[in-house]
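So that the names make sense, note that chain A is the first sequence line, chain B the second, and so on, each numbered from 1. Keep in mind that the numbers below use all heavy atoms, side chains included, and drop hydrogens, waters and symmetry copies. If you're wondering where the values come from, they're calculated on a predicted model, not measured in any experiment.
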Amino acid sequence: MESAALRHQRRIFSFAYHLLSDREEAQDVTQEVLVKLLSHRPRVEPERLGPWLLRVTRNACYDLLRKRRVRRGGGNQEADGEDALEIPDAAPDPRMRAEAAQFRRRLTAELGRLGEPYRSVVILREIEGLPYQEIADALEMPLNTVRVVLHRGRLKLRERLREEYRDAAIH
Amino acid sequence: MPRSIDLITCDDVLDRLEEHVDGELTRVEAAPLERHVRRCSTCAAELALARRIRQELRALPRPKMAPRRQPQQRGWAGRHRWQLAAACLFLVLLAGVLRVDRTPVEPPVQVARHELPYAVTDADLARAEREARYALARVAEITRRARADLDHSFDALPGQERDQR
């Protein structure tokens, strides 16, 4: 059990972090999910453990996001400066480096603005690199729905970044 | 207005753009799309943007769990407030568990917020409760595993030795 928790802990935290854009809250969610794992483990089949953990993580994050919306009176959450990921950039030209950094900031901010289930599916597929079937199991969606949601989620991201970055994308 | 190049339109390209970026199209399916993109700057730009978004998302570094923020300028009680709060909550829970088997019922242990040597917020209590629940769940899991190991050990014993126990 302990090894399962350790094996999945990184993914739980990463998923929660990208959903919440807040490190502290993501750590709280990770601990909460591990508590649930410890208390529900006998009832979860080992082969269903991965999707189960992601589902519990997503639900815990939804609860937090709902509370956050109530506290802040609506609006979506962007990654704040303090918690933004530090992304190394190998581009030699300072102008290109700045442009690349700006693009990533916009991209992560737009990802944070995506509604559900688009955000969860895009995170699990594009960032976590999960296969479609595992995403379908985790989010309890038919496989084809996962494909459609992913397609629409990517399209939304592209639409929001298109005006500003389409020309810059060709280099 | 969709334009047609090599018998496929811009809409056709946009419909299959994601599959192309994912490498899910066969060479036969991808060939007309690529020919179209070479001659259509609009679709070429769209394809480049789709590729860049995919590439940037996949290149995001893994977030790392950070150590909890340290309280600043606090005394011993402040520095260890999580542990203290978790210990208080644990005692309350333990008292509740022990009380179940006792008659007459003893009054539950109660700790008023103003009796604690530091300011306690609702967030402090929520975190302390989470820490305590985590600790209790760990204890329960360790107990369960120990019991399973013990049962397994006794099951493995020859019948005679087990009877002697």
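One hydrophobic cluster, built from ILVMFWY side chains closer than 4.5 Å, holds both A/L150 and A/L143. A/L155 and A/L114 are not part of a single hydrophobic cluster, where members link through side-chain heavy atoms under 4.5 Å apart.
Between atom CZ of residue A/R125 and atom CZ of residue B/R58 there is a gap of 5.5 Å, rounded to the nearest 0.5 Å. In this structure, B/L17 CG and A/H151 NE2 are separated by 8.5 Å, a value rounded to the nearest 0.5 Å. If you take CD on B/E131 and CD on A/Q31, they are separated by 4.5 Å, rounding to the nearest 0.5 Å. Interatomic distance, B/L60 CG to A/L111 CG, rounded to the nearest 0.5 Å: 8.0 Å. B/I53 contributes atom CD1, which lies 5.0 Å from atom CG of A/L161 (distance to the nearest 0.5 angstrom). The CD atom of B/E18 lies 4.5 Å from the CZ atom of A/R154; values are rounded to the nearest 0.5 Å.
Within the 4.5 angstrom heavy-atom criterion, only backbone atoms of B/D15 (N, CA, C, O) approach chain A. Contacts of A/L107 with chain B are made by side-chain atoms alone, with heavy-atom separations under 4.5 Å and no backbone atom involved. For B/Q55, no part lies under 4.5 angstrom from a heavy atom of chain A. Neither the backbone nor the side chain of B/L136 comes within less than 4.5 Å of any heavy atom in chain A.
B/E46 has a carboxylate O that lies under 4.0 Å from a charged side-chain N of A/R162, or vice versa, which qualifies the two as a salt bridge. One finds a salt bridge joining B/E24 and A/R147 here, because a Lys/Arg side-chain nitrogen approaches an Asp/Glu carboxylate oxygen to under 4.0 Å.
The shortest non-hydrogen separation linking B/L57 to A/E126 is CD1-CB, 3.8 Å. In plain terms, the two heavy atoms of B/R52 and A/A100 that are nearest each other are NH2-CA, 3.7 Å.
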Pair A/R106, B/E56 - check side-chain contact (heavy atoms from CB on, under 4.5 Å), show working. CA-CA 11 Å; A/R106 269 294 307 276; B/E56 295 285 359; over 6 Å; no

Step-by-step side-chain contact (heavy atoms from CB on, under 4.5 Å) determination, A/V35 to B/R130: CA-CA 8 Å; A/V35 168; B/R130 205 164 31 241; 5.5 Å; no

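With a 6.0 Å radius and a threshold of 12 heavy atoms from other residues, nucleotides or ligands, A/R152 has its CZ atom at or below the threshold.
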